[in-house]
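First up is the structure itself, then whatever we jot down about it.
For the numbers below, each heavy atom of this structure counts, side chains included, while hydrogens, waters and symmetry mates do not. Naming convention: chains lettered A, B, ... in sequence-line order (proteins, then strands); numbering from 1 in each chain.
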Protein chains: 2
Amino acid sequence: MARAAETRRRTRIQVEKESQILAAALNAFAQNGFAGTTLDGIAAGAGMSKPNLIYYFDSKEEVYRAVLGRTLETWLEPLIALDPAGEPLNEIRGYIRRKLEMSRDRPQESRLFAGEILAGAPLIRDVLEGELKDLVDEKVAVIRQWVADGKLAPHDPYHLIFAIWATTQHYADFDVQVRAVLGGSVSEDDRYKEATAFFDTVIIGGLTPR
Amino acid sequence: MARAAETRRRTRIQVEKESQILAAALNAFAQNGFAGTTLDGIAAGAGMSKPNLIYYFDSKEEVYRAVLGRTLETWLEPLIALDPAGEPLNEIRGYIRRKLEMSRDRPQESRLFAGEILAGAPLIRDVLEGELKDLVDEKVAVIRQWVADGKLAPHDPYHLIFAIWATTQHYADFDVQVRAVLGGSVSEDDRYKEATAFFDTVIIGGLTPR
DNA sequence: CTAGTTTTTGACCATTTGGTCAAGGTCACT
DNA sequence: AGTGACCTTGACCAAATGGTCAAAAACTAG
């Protein structure tokens with residue numbers, strides 16, 4: 001059987017080709033969504049024939065699962081890194097910064113994720129309700145404590161986290177719109193600097209106890 | 001020729017059927033994206049045969065264009081209603097409220113729009129760069145004046161508007177995720193109340209001059 | 001070098017899907 | 001009721017697409 005990632009050790013070629021496929025697939029799925037992406041398209045992007053692609057992954061859905069799974073891993077990191085022992089406003093600021101960097105440096109992953117959620121998260125519903133929810137619950141408790149200690153202005157941490165997700169990912173997911181509105185004059189670098197400054201003023205400002 | 005919306009006056013049946021089609025198409029496109037939606041699916045949703053659908057709209061893309069165009073109209077209203085003569089913090093608060101209500105009451109439209117942008121806005125690039133940009137530029141000038149008058153804390157209004165779009169639409173576009181994280185316990189009504197309260201604290205708080 | 005394994009692909013197939021067409025049914029107006 | 005325009009659809013078509021298969025090419029271990 002052609003199952004590549006099985007018990008047997010992976011060959012050099014397998015490692016290389018699978019990596020090429022996942023890279024091409026990420027671009028394709030992020031740009032066109034699951035339904036809008038063709039195996040031929042991914043194969044072309046990966047520089048191989050469609051049967052060759054299907055030799056490494058049994059089906060289109062399996063390619064999608066693989067690239068989505070890989071994305072999910074890195075997706076949780078920024079929130080995990082929120083340190084309960086740190087200085088509250090600094091931790092929030094750091095979290096926003098990390099999320100914003102991710103939008104800037106890995107926009108395709110962001111769009112892939114957005115597409116999956118928009119479609120109703122058919123493949124990762126359980127991750128959202130399990131791993132993600134648990135992680136968020138944990139961090140919400142931390143933030144609640146910070147609020148109780150008077151280190152942050154009173155607010156609902158769930159919605160703070162939603163707001164951080166929404167605003168930071170917006171720059172990747174709605175990139176076209178952001179560019180259109182800002183016009184060609186603003187460079188990507190400036191955009192992210194402005195965004196950082198904005199969050200520092202408004203979000204952090206809004207969270208600062210008075 | 002079958003062109004329905006031409007010079008000739010539209011018949012009663014045309015009005016009815018086109019409305020049914022657009023409603024079904026909105027659901028289909030919002031749920032499955034352009035590529036993931038089939039004419040048969042829309043036709044079934046509208047309670048008619050595929051050839052009958054194609055009698056009213058010449059192609060799948062034209063159906064999509066129609067439903068997207070209709071959505072765009074209502075999409076700009078909340079920002080248009082931002083009143084330069086109003087009290088700044090109140091105007092911002094009102095804008096947030098209107099956008100949030102739209103997310104709650106017209107989530108399908110929000111998702112349709114999100115899908116189009118995510119895909120690179122192939123059909124509405126020009127609207128974004130034209131109508132939308134002009135409107136935003138105009139309101140940004142208003143907000144800048146408010147800042148200059150010391151009525152709002154200094155900030156970049158472009159990013160304020162992005163933040164408002166992102167956070168409010170998040171509740172429609174990423175609904176599945178929001179639900180998953182909050183768990184079944186929180187009703188839709190409560191969710192929107194909490195969100196409103198959050199924005200009042202953090203965004204409005206962050207914009208209040210000190 | 002050789003044998004066995006892994007990798008690669010052209011040709012092919014079944015299904016789905018956007019769209020056509022001709023024929024029949026329905027509606028509105030006189 | 002009659003007639004012309006409007007509406008509806010079953011049957012059909014061509015293209016696109018997910019996936020198969022057998023046979024050839026390339027690689028690896030001994």
Exercise. Touch check for A:Lys17, heavy atoms < 4.0 angstrom, all strands: base, sugar-phosphate only, or nothing?
Worked result: sugar-phosphate
Exercise. Do A:Lys60 side-chain and D:dG19 base share a donor-acceptor contact under 3.5 Å?
Worked result: no
Exercise. Among the nucleotides C:dT20, C:dG18, D:dT8, which one has an atom lying closest to any side-chain atom of B:Asn52?
Worked result: D:dT8
Exercise. Out of C:dT6, D:dT8, C:dT9, which nucleotide sits closest to the side chain of B:Ser49?
Worked result: D:dT8
Exercise. Parallel, tilted or perpendicular: which fits the ring planes of A:Tyr64 and A:Phe29, with parallel below 30° and perpendicular above 60°?
Worked result: perpendicular
Problem set entry | d(CE, B:Met48; C1', C:dT26) in whole Å | 15 Å
Exercise. Which nucleotide, C:dG19, D:dT8, D:dT28, lies nearest any side-chain atom of A:Arg12?
Worked result: D:dT28
For this session: When you get a sec, tell me which of D:dT8, D:dG19, D:dC6 is the closest nucleotide to the side chain of A:Ser59?
Result: D:dG19
Problem set entry | Ring centre gap for A:His155 and B:Phe199 strictly below 6.0 Å | no
Problem set entry | A:Thr38, nearest nucleotide to its side chain (from D:dC7, C:dG10, D:dT17) | D:dT17
Exercise. Which of the following nucleotides, C:dG10, D:dA11, D:dC7, is nearest to the side chain of B:Pro51?
Worked result: D:dA11
Problem set entry | Whole-Å gap separating P (C:dC12) and NZ (A:Lys50) | 14 Å
Seminar exercise, completed: Testing D:dT9, C:dT6, C:dG19 for proximity to the side chain of A:Tyr55, the answer is C:dT6
Problem set entry | Residue B:Glu101 excluded, over 12 heavy atoms near CD under 6.0 Å | yes
Exercise. Is a salt bridge present between B:Asp134 and B:Lys139, judged by a nitrogen-to-oxygen distance below 4.0 Å?
Worked result: no
Exercise. Where the side chain of B:Ile13 is concerned, which of C:dC27, C:dG19, C:dT7 is the nearest nucleotide?
Worked result: C:dC27
